Amino acid sequence: MNTTGKIAISVSLASSFILAAWLLTGERKVKTKDFVSKKAESIKGALKSDRIYFSELDEYYI
């Protein structure tokens with residue numbers, strides 16, 4: 001990997017850490033936790049509703 005790629009990755013990681021630190025301080029901490037938990041619950045609900053379950057009782061053998 002060349003130097004430009006390393007610098008780009010370093011800058012993106014540093015900016016991500018700064019954003020995370022800003023979101024998790026002060027009043028934003030509570031709002032961020034609520035937002036993330038609501039989104040996680042909606043994703044879990046969407047994944048569970050797409051599943052189709054079959055029972056062995058529904059199968060017919062010849």
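If you're wondering where the values come from, they're calculated on a predicted model, not measured in any experiment.
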I'd like to check the side chain to side chain donor-acceptor pair (under 3.5 Å) partners of T25; sequence neighbours left out, ordered by chain and number.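 For T25, the residues satisfying side chain to side chain donor-acceptor pair (under 3.5 Å) (neighbours in sequence not counted) are R28.
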
Under the side-chain contact (heavy atoms from CB on, under 4.5 Å) rule, collect the residues that match up with [X], sequence neighbours excluded.
X	value
L23	L19, T32
L13	I9, F17
I43	L47

Quick one: name the residues clustered hydrophobically with I7, using the 4.5 Å side-chain heavy-atom rule over I, L, V, M, F, W, Y, and just say none if it's on its own.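 Taking Ile, Leu, Val, Met, Phe, Trp and Tyr as members, I7 shares its hydrophobic cluster with V11.
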
Which pairs count as side-chain hydrogen bond (donor to acceptor under 3.5 Å, both in side chains) when at least one residue sits in residues 9-22, sequence neighbours excluded?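 Qualifying pairs, neighbours excluded: none.
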
